[in-house]
2 protein chains.
Amino acid sequence: MRIGELAREAGTTTRTLRYYEARGLLPARRGENGYRRYDEEDLRLLRQIRLLQDFGFELEETRPFVDCLRAGHPSGDSCPASLDVYRRKLAELDAVIGRLQEVREQVGAQLARAELEVSAAEPPEPRCEMTQGHERGADDGGDD
Amino acid sequence: MRIGELAREAGTTTRTLRYYEARGLLPARRGENGYRRYDEEDLRLLRQIRLLQDFGFELEETRPFVDCLRAGHPSGDSCPASLDVYRRKLAELDAVIGRLQEVREQVGAQLARAELEVSAAEPPEPRCEMTQGHERGADDGGDD
DNA sequence: GTAGACCTTGACGCCGACGTCAACGCCAGG
DNA sequence: CCTGGCGTTGACGTCGGCGTCAAGGTCTAC
């Protein structure tokens with residue numbers, strides 16, 4: 001299969017495949033005409049790469065998985081090096097998520113405080129107090 | 001105060017301050033010698049910027065806060081435009097955090113599965129089966 | 001034979017927030 | 001006067017993962 005076909009199969013672009021090859025991640029055999037040739041195995045490798053990329057892994061971090069598959073293992077994470085990447089990534093994710101949650105709380109608190117101060121500064125719209133003995137008919141008019 | 005001094009006060013660099021000025025975010029008055037001159041107000045603005053930057057806001061997103069302060073408001077988030085940024089940022093944070101948690105679960109699950117498969121594949125270390133009638137002395141060896 | 005769809009390499013562009021260097025000006029202390 | 005420490009502008013480098021040309025070669029269908 002040629003580069004465009006593989007790209008389509010994997011939902012990516014030829015530029016990306018050439019980039020991977022340049023990085024030594026997914027080298028291709030060459031036909032007589034100099035065109036890159038790929039097989040089903042390459043498609044597997046590529047799918048592994050894309051999956052991890054979608055997870056936010058850097059390209060270099062996908063290399064152990066690719067190497068693992070290429071070594072004949074059933075899946076990309078059948079090798080210790082891949083598991084190490086998983087573990088590092090988990091720790092990294094936890095750190096980032098924790099930091100973002102912290103930020104989220106800070107920003108949320110700031111927003112709440114700022115909104116309060118704004119509403120305190122402008123006291124309009126008395127919010128329709130319910131005075132006693134002031135009931136209305138059946139259709140009391142939608143308040144929305 | 002001069003640029004180096006302000007940078008030190010705010011825990012940043014002169015390069016950063018020049019960058020902010022180039023972006024129109026923190027323009028400086030000039031002394032006779034062409035040196036940039038800053039005052040305490042600029043320090044406040046700068047601190048507002050740095051705070052938001054630490055939160056992961058892009059520079060452009062800090063602009064409403066800076067403008068707000070410069071307009072004489074008590075704090076950078078006393079203006080509607082700033083609140084809008086807060087809200088957009090919250091939504092963004094929630095989305096990112098959600099996505100990362102999703103990824104974290106996926107990666108965690110993959111790791112667990114892969115570890116299981118590995119331990120299933122290599123049955124070494126028989127984990128010291130207790131054969132009957134093979135008891136040892138008092139100190140039976142800490143299993144860690 | 002020619003259009004058009006594919007392929008090749010090479011190289012620059014992009015994004016954001018600066019870092020880093022070059023080459024120069026200004027000013028205070030000894 | 002000279003050194004050293006500040007300042008100035010300008011411009012290129014960084015990082016990742018490609019996008020997007022440009023200028024050509026190849027192959028297929030009509």
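Regarding D54(A), its CG atom lies at a distance of 14 Å from the C1' atom of dC18(D), rounded to whole Å. When rounded to the nearest whole Å, the span between CE of M1(A) and P of dC6(C) equals 16 Å. Between I3(B) atom CD1 and dT8(D) atom C1' the separation is 10 Å, expressed in whole Å. Atom CZ of R63(B) and atom P of dG16(C) are 13 Å apart (whole Å). What separates CD of E5(A) from P of dT28(D) is a distance of 13 Å, to the nearest Å. In this structure, R23(A) atom CZ and dG17(D) atom P are separated by 8 Å, rounded to whole Å. If you measure from atom CD of E21(B) to atom P of dG7(D), you get 13 Å, rounded to the nearest angstrom. Per the geometry, CG belonging to L6(B) stands 14 Å off C1' belonging to dG7(D), to the nearest Å.
The residues R47(A) and D42(A) are annotated as not salt-bridged, no charged nitrogen and carboxylate oxygen being separated by less than 4.0 angstrom. Under the 4.0 Å criterion applied to side-chain N and carboxylate O atoms, R87(A) and E115(B) are assigned as salt-bridge partners. In summary, R18(A) and E21(A) do not engage in a salt bridge, as defined by a charged side-chain N under 4.0 Å from a carboxylate O. For R36(A) and E5(A), the salt-bridge test fails: no basic side-chain N is under 4.0 Å from an acidic carboxylate O.
Contact check, Q53(A) against dC18(D): a side-chain N or O comes under 4.0 Å of OP1 or OP2. Look at T13(B) and you won't find any side-chain N or O under 4.0 angstrom from OP1 or OP2 of dC18(C). Proximity of R15(A) to the phosphate of dG17(D): no side-chain N or O atom is located under 4.0 Å from OP1 or OP2. In this model, the phosphate group of dC6(C) is not approached by any side-chain N or O of R2(A) to a distance below 4.0 Å at OP1 or OP2. Close to dC18(C), at under 4.0 Å from its OP1 or OP2, lies a side-chain N or O of R50(B). The phosphate of dT9(D) has OP1 or OP2 within less than 4.0 Å of a side-chain N or O from R30(B). Contact annotation: N33(A) side-chain N/O to dT8(C) OP1/OP2 distance is not under 4.0 Å.
Closest to the side chain of R18(B), out of dT9(D), dT9(C), dC18(C), is dT9(D).
Mapping Y19(B) and R8(A) onto DNA chain C by nearest heavy atom places R8(A) at the nucleotide closer to the 5' end. Nearest-nucleotide positions on DNA chain D for E32(A) and T16(A) put T16(A) closer to the 5' end.
The base of dG25(C) is paired with the side chain of Y35(B) by a donor and an acceptor separated by under 3.5 Å.
In this structure, the side chain of E117(B) does not engage the main chain of A114(B) through any donor-acceptor pair within 3.5 Å.
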